[in-house]
K.L.:
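This structure is in structure tokens; I'll ask about it shortly.
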Amino acid sequence: MKTKPSALVLAVPLALTTLTGCSMTDKESADKTPSAGTSTSREASDAMEKVSSGIYDLMGVKGKASNSRPGVQDCSGKDTKTYFRIFHPWSFYPTSASDLDEAMERLKKELPKHGWKIVEYGPDTSKNKNINLTADNDEKKVGVNIVQMSKNDPPKLSLTLVSGCYKVPDGKEVERF
């Protein structure tokens with residue numbers, strides 16, 4: 001059990017560097033992180049869950065999603081009391097392992113029909129050669145990284161969504177969760 005949280009701790013920053021054009025160490029790239037508008041942390045979190053639900057629906061196969069909630073993180077180079085991003089890591093476990101390929105293929109086909117632009121697709125450099133799909137939705141100011149982990153037990157899709165930078169309404173502060 002102790003290895004799963006550390007793997008997530010390592011995976012989230014990696015996914016965050018590829019999503020929505022943000023690099024945590026490169027100021028020029030960080031400045032390109034899109035503005036997602038004005039919102040409270042809770043409202044932005046609820047909106048992110050709706051985006052995740054929409055992606056779940058596009059999979060078109062039966063299965064179960066993990067019960068993880070979105071979290072709040074800083075916007076690189078911006079005031080941490082006023083600006084924030086939402087991230088939402090979750091996993092999808094198909095009812096049948098054979099449905100994993102179908103779910104990933106459906107996402108590759110359906111995401112572009114729903115406002116997503118696929119910016120990367122193919123095997124990663126791990127020994128398992130997991131298939132990675134990274135896509136951005138400019139309208140929703142959200143990026144997603146989906147990793148098909150066929151050799152996991154059980155097989156799953158690992159998803160991480162990351163928003164652009166939100167600004168809290170005047171008089172409010174970023175709520176952390």
Side-chain angles (χ1 to χ4, degrees), residues 4 6-37 44-45 47-61 63 65-66 68-77 84-94 99-152 155-166:
K4 287 189 180 190
S6 13
L8 181 61
V9 167
L10 294 173
V12 169
L14 177 63
L16 298 179
T17 62
T18 60
L19 299 176
T20 63
C22 182
S23 168
M24 290 188 211
T25 58
D26 180 356
K27 183 171 178 5
E28 183 179 322
S29 293
D31 291 342
K32 293 181 183 176
T33 302
S35 168
S45 173
M48 183 66 83
E49 284 192 325
K50 287 179 184 174
V51 173
S52 288
S53 291
I55 291 173
Y56 177 88
D57 292 343
L58 294 178
M59 290 180 199
V61 298
S66 61
S68 62
R69 299 269 310 160
V72 176
Q73 71 178 54
D74 295 339
C75 285
S76 182
F84 67 95
R85 298 176 84 179
I86 298 291
F87 69 96
H88 188 204
W90 58 282
S91 299
F92 173 76
Y93 303 90
D99 287 341
L100 194 64
D101 288 335
E102 182 181 341
M104 189 65 146
E105 281 301 314
R106 282 187 53 85
L107 288 171
K108 183 181 170 190
K109 179 181 171 188
E110 294 297 322
L111 284 169
K113 294 178 184 177
H114 292 85
W116 294 87
K117 178 183 176 189
I118 296 176
V119 295
E120 185 178 352
Y121 184 83
D124 64 18
T125 58
S126 72
K127 72 176 185 171
N128 291 336
K129 301 291 184 208
N130 297 318
I131 301 297
N132 274 264
L133 183 156
T134 302
D136 291 327
N137 189 311
D138 289 341
E139 181 183 331
K140 295 179 183 196
K141 303 296 189 240
V142 174
V144 64
N145 177 255
I146 305 167
V147 182
Q148 182 179 344
M149 299 176 151
S150 301
K151 295 182 180 175
N152 268 39
K156 68 177 181 177
L157 294 181
S158 176
L159 299 93
T160 304
L161 287 85
V162 181
S163 73
C165 285
Y166 285 97

K.L.:
Mind checking what makes side chain to side chain contact (heavy atoms under 4.5 Å, CB included) contact with Ala36, not counting sequence neighbours?
P.N.:
Lys141, Tyr166
K.L.:
Only counting residues at least two apart or in another chain, list the ones meeting side chain to side chain contact (heavy atoms under 4.5 Å, CB included) with Ala47.
P.N.:
none
K.L.:
Not counting sequence neighbours, which residues clear side chain to side chain contact (heavy atoms under 4.5 Å, CB included) with Ser35? List them please.
P.N.:
none
K.L.:
What's the verdict on side-chain contact (heavy atoms from CB on, under 4.5 Å) for Gln148 and Asp101, showing C-alpha distance, side-chain angles and the deciding distance?
P.N.:
CA-CA 8 Å; Gln148 182 179 344; Asp101 288 335; 2.5 Å; yes
K.L.:
Just do the side-chain contact (heavy atoms from CB on, under 4.5 Å) check on Leu107 and Ile55 with the steps written out, would you?
P.N.:
CA-CA 8 Å; Leu107 288 171; Ile55 291 173; 3.9 Å; yes
K.L.:
Say you draw a straight line from OG of Ser66 to OH of Tyr93; how long is it, rounded to the nearest 0.5 Å?
P.N.:
6.0 Å
K.L.:
Sequence neighbours excluded, which residues qualify as side chain to side chain contact (heavy atoms under 4.5 Å, CB included) partners of Asn152?
P.N.:
Met149, Lys156
K.L.:
Would you say the side-chain atoms of Asn145 and Glu120 include a donor-acceptor pair closer than 3.5 Å?
P.N.:
no
K.L.:
Could you tell me which residues satisfy side-chain hydrogen bond (donor to acceptor under 3.5 Å, both in side chains) with Glu49, sequence neighbours excluded, listed by chain and number?
P.N.:
Arg69
K.L.:
Only counting residues at least two apart or in another chain, list the ones meeting side-chain hydrogen bond (donor to acceptor under 3.5 Å, both in side chains) with Lys113.
P.N.:
Glu110
K.L.:
Mind listing the closest non-hydrogen atom pair of Leu157 and Leu159 along with its distance?
P.N.:
O-CD1, 3.6 Å
K.L.:
Which atoms form the tightest heavy-atom contact between Gly164 and Thr33, and what is the distance?
P.N.:
CA-CG2, 4.2 Å
K.L.:
Considering residues at least two apart in sequence or located in another chain, which fulfil the side-chain hydrogen bond (donor to acceptor under 3.5 Å, both in side chains) criterion with Ser45?
P.N.:
none
K.L.:
Would you sort out whether Val144 and Trp116 count as a side-chain contact (heavy atoms from CB on, under 4.5 Å), showing the intermediate values?
P.N.:
CA-CA 9 Å; Val144 64; Trp116 294 87; 3.7 Å; yes
K.L.:
Could you tell me whether the side chain of Asn137 and the main chain of Lys140 form a donor-acceptor pair under 3.5 Å?
P.N.:
yes
K.L.:
Taking salt bridge (Lys or Arg N to Asp or Glu O under 4.0 Å) as the cut-off, I'd like each qualifying pair that reaches into residues 123-135, sequence neighbours left out, listed once.
P.N.:
none
K.L.:
For the backbone of Gln73 and the side chain of Arg85, can you confirm whether one donor and one acceptor N or O come within less than 3.5 Å of each other?
P.N.:
no
K.L.:
Are the side chains of Ile86 and Val162 in touch, meaning some heavy atoms are under 4.5 Å apart?
P.N.:
no
K.L.:
Quick one: CG on Leu133 to CD1 on Ile131, what's the gap to the nearest 0.5 Å?
P.N.:
10.0 Å
K.L.:
Among Glu105, Met104, Arg106, whose side chain to side chain contact (heavy atoms under 4.5 Å, CB included) with Glu102 holds?
P.N.:
Arg106
K.L.:
Might you point out which heavy atoms bring Gly63 and Tyr56 nearest each other, and give the distance in Å?
P.N.:
O-OH, 3.1 Å
K.L.:
Could you report the tightest heavy-atom contact between Pro112 and Ile118, atom names first, then the distance?
P.N.:
CG-CD1, 3.9 Å
K.L.:
Between Ile146 and Thr134, does the side-chain contact (heavy atoms from CB on, under 4.5 Å) criterion hold? Intermediate values first, please.
P.N.:
CA-CA 6 Å; Ile146 305 167; Thr134 302; over 6 Å; no
K.L.:
Could you tell me which non-hydrogen atom of His88 sits nearest to which non-hydrogen atom of Ser68, and how far apart they are?
P.N.:
NE2-O, 2.8 Å
K.L.:
Could you check whether any side-chain heavy atom of Trp90 comes within less than 4.5 Å of a side-chain heavy atom of Leu161, counting everything from C-beta outward?
P.N.:
yes
K.L.:
What residues, two or more places apart in sequence or in another chain, satisfy side-chain hydrogen bond (donor to acceptor under 3.5 Å, both in side chains) together with Asp138?
P.N.:
none
K.L.:
Which heavy atom of Ala44 sits nearest to which heavy atom of Phe84, and what is that distance?
P.N.:
CB-CE1, 3.8 Å
